[in-house]
Amino acid sequence: MNIIETQNLTRRYGRTEAVHELNLAVPAGSVCALLGANGAGKTTTLKVLMNLLAPTAGAATVLGVDSRKLGERERAQIGYVSENQQMPLWMTVRQLLDYCRPFYPTWDAALEKTLLDRFALPAERKLGQLSRGMLMKAALLSSLAYRPKLLVLDEPFSGLDPLVRDEFIKGVLEVSEAGEWTVLVSSHDIEEVERLADRVALLEAGRLKFNETTEALQGRFRRIEVTLGESEAKLAAPPAGWLEVERAGRVVRFVDSGYERTATEQACRERFADAAVTAQPMSLRDIFISLARAGRRFDKLTAEATAKETVS
Ligand code: ATP
């Protein structure tokens with residue numbers, strides 16, 4: 001079952017199309033990282049899911065309900081923490097928790113206490129006097145304490161120091177150990193969410209590039225090194241899935257984004273005949289750096305082609 005599902009979801013701001021025909025599915029029990037560069041459409045997607053914005057076209061379903069019809073019942077099962085969250089700054093941390101508690105039948109007082117200690121939050125201090133990291137922790141605490149079925153985090157780590165980020169992640173993991181829940185967390189950096197996510201969805205200019213488990217993603221990416229024998233290499237027109245192809249002397253290196261041992265070796269034999277091929281697994285970070293570089297190169301080629309067209 002999918003806790004979140006979008007069908008051809010599109011959202012425009014005037015003439016800017018922030019999200020384009022998005023078909024995103026987040027299965028129950030998964031922790032999904034929604035990744036993308038600045039302006040890729042992450043915040044817009046999450047705001048539509050939370051019914052803070054209406055879709056321009058298409059639709060989204062959250063906890064089985066159309067996002068435009070999310071009511072009190074669903075909201076009591078969703079935790080939403082965003083980077084620019086409005087908080088009642090005049091309240092102390094304790095007043096915030098006292099205020100939130102009655103809204104949620106599932107509020108777990110023991111968990112509230114554990115997280116208050118873990119986050120080292122000064123209960124009697126006003127929210128307006130907390131640092132940014134502390135404020136984010138207070139927002140997270142007030143969302144985790146009722147053990148929501150779905151937790152949506154919009155760039156929760158940006159600007160947080162490594163220690164606070166670590167506490168934040170541990171807080172989320174603490175709750176996730178206790179039962180099945182679903183998390184959708186947006187970020188522009190895989191390293192920030194690597195410890196949490198078991199699924200990754202990549203947005204590029206409002207379009208979904210892929211949405212798969214981290215296991216599947218790491219399974220299909222390999223750094224390939226080919227040591228050439230005596231015959232000539234045919235480097236022209238490499239397969240579309242080969243990224244960052246480069247040659248140094250008799251060694252050819254590239255990243256295969258659709259690695260499958262037999263097929264990759266066959267493709268190498270066709271181009272390099274008697275070469276020796278090695279394949280190294282890649283970290284998620286390396287995969288994303290490679291994808292970003294390939295994307296940038298592609299953008300540059302497109303821009304150059306457009307410029308030429310304009311000139312001619
Ligand atoms: P970031 O990582 O920088 O937060 P993002 O992936 O969350 O970016 P969005 O904030 O969803 O991206 O923005 C997607 C696109 O929509 C961008 O081109 C942005 O300029 C545009 N956009 C976002 N909000 C508005 C708005 N209120 N009015 C006009 N355009 C907007």
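From a predicted model like this one, the values you see are computed outputs, not experimental measurements.
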### Query
Do any pairs count as a salt bridge (Lys or Arg N to Asp or Glu O under 4.0 Å) and have a residue in residues 2-11, sequence neighbours left out, and if so which ones?
none

### Task
List for me each residue that meets salt bridge (Lys or Arg N to Asp or Glu O under 4.0 Å) alongside R165, sequence neighbours excluded, and say none if there are none.
E192

### Task
Give every residue pair that meets the side chain to side chain donor-acceptor pair (under 3.5 Å) criterion with at least one member in residues 130-141, sequence neighbours excluded.
K137-E167

### Query
side-chain hydrogen bond (donor to acceptor under 3.5 Å, both in side chains) with R12: which residues, sequence neighbours excluded?
none

### Message
Filter on salt bridge (Lys or Arg N to Asp or Glu O under 4.0 Å), then keep only pairs touching residues 50-67, sequence neighbours left out; what's left?
### Response
D66-R68

### Query
Who passes salt bridge (Lys or Arg N to Asp or Glu O under 4.0 Å) against R101, sequence neighbours left out?
D98, E112

### Message
Applying ring pair (Phe, Tyr, Trp, His ring centres under 6.0 Å) as the test, list every pair that has at least one member in residues 71-101; sequence neighbours left out.
### Response
Y99-F103

### Task
Under the side-chain hydrogen bond (donor to acceptor under 3.5 Å, both in side chains) rule, collect the residues that match up with S67, sequence neighbours excluded.
none

### Query
Could you give all pairs that pass the salt bridge (Lys or Arg N to Asp or Glu O under 4.0 Å) test and reach residues 70-82, with sequence neighbours left out?
none

### Residues forming a salt bridge (Lys or Arg N to Asp or Glu O under 4.0 Å) with E21, sequence neighbours excluded
none

### Query
Taking only residues two or more places apart in sequence, or in another chain, which ones meet Q280 in a side-chain hydrogen bond (donor to acceptor under 3.5 Å, both in side chains)?
none

### Message
Does anything in residues 113-123 form a side chain to side chain donor-acceptor pair (under 3.5 Å)? List the pairs, not counting sequence neighbours.
### Response
K113-D117, R118-E174

